[in-house]
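Sequence lines set the chain letters: A, B, ... in the order given, protein chains first and strands last, and positions in each chain run from 1. Everything numeric here is computed off the predicted structure, so don't read it as measured data.
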Protein chains: 2
Amino acid sequence: MSSLHDTPRGIPEVTVARLPGYLRALTTLADAGQESVSSESLAATSGVSPSMLRKDLSHLGSYGVRGVGYETSRLIAEISAALGLTRDWPVAIVGMGNLGRALAAYQGFAVRGFQVIALLDGDAEVVGTRIAGLDVQPMADLPALVTRSGLAIGVIATPPSAAQQCCDALVAAGVRSILNFAPTVLAVPPGVIVRKVDLATELQILAFHSHAQAHAAHAEVKGA
Amino acid sequence: MSSLHDTPRGIPEVTVARLPGYLRALTTLADAGQESVSSESLAATSGVSPSMLRKDLSHLGSYGVRGVGYETSRLIAEISAALGLTRDWPVAIVGMGNLGRALAAYQGFAVRGFQVIALLDGDAEVVGTRIAGLDVQPMADLPALVTRSGLAIGVIATPPSAAQQCCDALVAAGVRSILNFAPTVLAVPPGVIVRKVDLATELQILAFHSHAQAHAAHAEVKGA
DNA sequence: CACACTTTGTGAAAGCCTTCACAAGCGCGT
DNA sequence: ACGCGCTTGTGAAGGCTTTCACAAAGTGTG
Ligand SMILES: NC(=O)c1ccc[n+]([C@@H]2O[C@H](COP(=O)([O-])OP(=O)(O)OC[C@H]3O[C@@H](n4cnc5c(N)ncnc54)[C@H](O)[C@@H]3O)[C@@H](O)[C@H]2O)c1
Ligand SMILES: NC(=O)c1ccc[n+]([C@@H]2O[C@H](COP(=O)([O-])OP(=O)(O)OC[C@H]3O[C@@H](n4cnc5c(N)ncnc54)[C@H](O)[C@@H]3O)[C@@H](O)[C@H]2O)c1
């Protein structure tokens with residue numbers, strides 16, 4: 001039943017990656033007062049196919065009613081529970097440059113239970129400055145943040161050259177989940193999860209498609 | 001030979017998504033003076049398996065030498081060509097808030113041939129201000145940017161409520177590639193490519209793993 | 001030149017993920 | 001109470017992606 005690509009509770013990784021999207025769509029619907037939703041309309045709102053949505057939800061359990069659909073609030077609760085969003089997650093941001101400051105100022109974190117509890121930087125000039133209501137702390141404070149505040153998630157927004165070092169510090173302190181904005185492949189011990197957000201990669205993928213399209217258009221003109 | 005998941009030139013989508021990673025690893029190696037690299041070491045640097053790397057590269061052609069490896073500079077050239085990075089790509093950023101400004105100030109764009117040629121905003125207060133050496137323009141300037149500057153890629157950094165509207169404006173102006181930072185599913189006509197960067201989704205995926213790990217640890221303690 | 005050694009390129013196999021198709025289940029109207 | 005229409009949940013099928021395993025093709029050495 002469970003395989004290499006399955007997570008501890010038997011939910012496939014790809015499904016986990018789509019659950020946040022369903023959650024967002026459901027929240028929008030619930031806010032609009034909609035109490036029930038069919039797989040067809042929720043799928044359309046989430047940008048996936050109805051069968052994929054149903055298969056994904058079937059991994060969580062049977063929370064729909066045949067002939068009717070899903071109760072919005074119930075599904076929100078179930079997905080939140082599956083993702084572990086019934087508690088708050090303390091987050092620390094490492095690297096208070098352009099990006100780190102924008103992330104620290106961003107209000108969208110809090111809504112889903114992610115609390116930025118600390119901002120860290122390696123530059124003595126930056127440490128001690130106040131950003132978005134928090135004092136920037138030195139890297140040496142990391143272990144205390146984990147033990148005292150239950151810090152669980154670290155966001156790396158340093159230059160690529162410092163990313164591995166910061167990652168090592170996070171891991172040594174006990175952080176097991178890392179979101180990496182630096183364009184580097186991070187080496188971590190088993191049990192630590194790293195997710196990467198890479199702007200340059202995204203742009204290069206878009207470039208490929210623009211490039212391919214330009215070619216296709218050109219070929220068509222020539223061919224016609 | 002080519003299938004639904006294949007791109008116009010027969011390169012699978014998943015391969016395209018990994019090519020930028022190989023390119024970055026190769027550039028690092030080339031800068032360090034390494035003239036040749038084996039699939040094993042390039043794979044390790046890129047964080048993939050050697051067989052996956054070789055299969056990916058085989059879609060571009062046979063540029064390796066058996067018994068030796070790949071010539072670094074040659075492979076950089078071939079991947080760049082495949083991705084369409086042999087020319088410059090004009091980029092416009094829409095929405096000059098916290099995130100938009102961080103993106104505009106970011107120097108990492110230029111290195112791979114992405115040129116931020118325009119910053120746009122819908123707020124009359126913001127239009128005309130100077131950010132990162134560019135004057136913020138009104139949305140109405142979009143069509144001219146496409147026809148006069150060849151604008152090909154649009155980055156959306158507006159609040160989610162404005163994202164679809166900005167997307168429509170980009171598409172109407174002729175932009176075919178969009179990078180969306182707003183947490184919204186964008187509806188676009190066929191032929192337009194949208195890629196999404198969603199911080200909240202990434203954090204929720206990390207939360208799932210932290211959550212699962214906490215559970216597993218707890219169960220282990222109880223079981224022992 | 002032959003041989004040993006290395007590493008690529010690639011069919012074939014295995015494993016995942018998505019889509020299909022439909023039985024099962026529920027509500028509602030009569 | 002019963003049948004009709006609708007939508008879920010899910011085996012089975014199909015398609016992609018990854019991994020395996022090895023022949024092919026270089027290099028270098030004696
Ligand atoms: N700014 C953007 O829009 C953007 C976009 C995409 C990706 N990125 C990536 O995000 C990262 C940060 O970008 P940025 O523009 O904010 O860079 P930045 O140079 O403005 O800021 C980097 C910060 O990291 C700190 N730092 C450096 N070494 C450190 C260490 N060893 N330990 C702790 N802190 C350290 C520096 O003091 C500085 O405050 C980079 O890797 C960049 O490639 C940035
Ligand atoms: N700031 C972050 O670190 C961060 C992180 C992740 C995601 N995001 C997402 O990125 C987006 C932008 O975030 P932000 O913090 O920069 O928001 P912001 O409110 O600071 O800025 C939004 C900007 O968009 C402009 N705008 C609004 N409506 C517009 C319209 N119709 N046309 C053109 N411009 C318009 C506004 O004038 C403003 O300048 C949001 O969707 C947010 O969810 C931001």
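A donor-acceptor contact shorter than 3.5 Å links the side chain of Q107(B) to the backbone of A105(B). Between the side chain of E202(A) and the backbone N or O of K196(B) there is no donor-acceptor pair closer than 3.5 Å.
Contact annotation for T15(B): no contact, since no heavy-atom pair falls under 4.0 Å across all strands.
When side chains are defined from C-beta on, I205(B) counts as touching H209(B), because their heavy atoms get closer than 4.5 Å. For the pair E71(B) and E35(B), the minimum side-chain heavy-atom distance is 4.5 Å or more. By the 4.5 Å heavy-atom criterion applied to side chains, F114(A) and Q204(B) are counted as neighbours.
Regarding L57(A), its CG atom lies at a distance of 9 Å from the P atom of dT8(D), rounded to whole Å. Between the CG atom of L53(A) and the P atom of dC17(C) there is a distance of 17 Å, given to the nearest Å. As rounded to whole Å, 13 Å separates atom P of dT10(D) from atom CG of D56(A). What separates CD of E13(A) from P of dT18(C) is a distance of 12 Å, to the nearest Å. Put simply, CG on L42(A) is 9 Å from P on dT8(D), counting in whole angstrom units. For L60(A) and dT8(D), the CG to C1' distance is 14 Å, given to the nearest whole Å. Remark: C1' of dT8(D) and CE of M52(A) are 17 Å apart, rounded to the nearest angstrom. Residue R18(A) contributes atom CZ, which lies 8 Å from atom C1' of dT18(C) at whole-angstrom precision.
Applying side chain to side chain contact (heavy atoms under 4.5 Å, CB included) to L26(A) and the options T72(A), D31(A), T45(A) leaves one that passes, T72(A).
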**Study point:** Protein-to-nucleotide contact annotation, 5' to 3' order, nucleotides 20-30 of chain D [B base; S sugar-phosphate only; - none; under 4.0 Å, heavy atom]
**Key:** BB--BBSS---
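Residue Y70(A) places at least one side-chain N or O closer than 4.0 Å to OP1 or OP2 of dG9(D). Between S38(B) and dT7(C) there is no side-chain polar atom (N or O) within less than 4.0 angstrom of OP1 or OP2. Distances shorter than 4.0 Å separate none of the side-chain N or O atoms of S39(A) from OP1 or OP2 on dT7(D).
Here S41(B) contributes atom OG and Q34(B) contributes atom CD; the two are 6.0 Å apart, rounded to the nearest 0.5 Å.
Pairs engaging residues 168-183 of chain B under the side chain to side chain donor-acceptor pair (under 3.5 Å) rule: S210(A)-S177(B), Q164(B)-D168(B) [sequence neighbours left out].
When the local axes at the two ends of the helix from dC1(C)-dG30(D) to dT30(C)-dA1(D) are compared, using 5 base pairs at each end, they differ in direction by 0° after rounding to 10°.
For the residue pair Y106(B)/N98(A), the side-chain donor-acceptor check at 3.5 Å is not satisfied.
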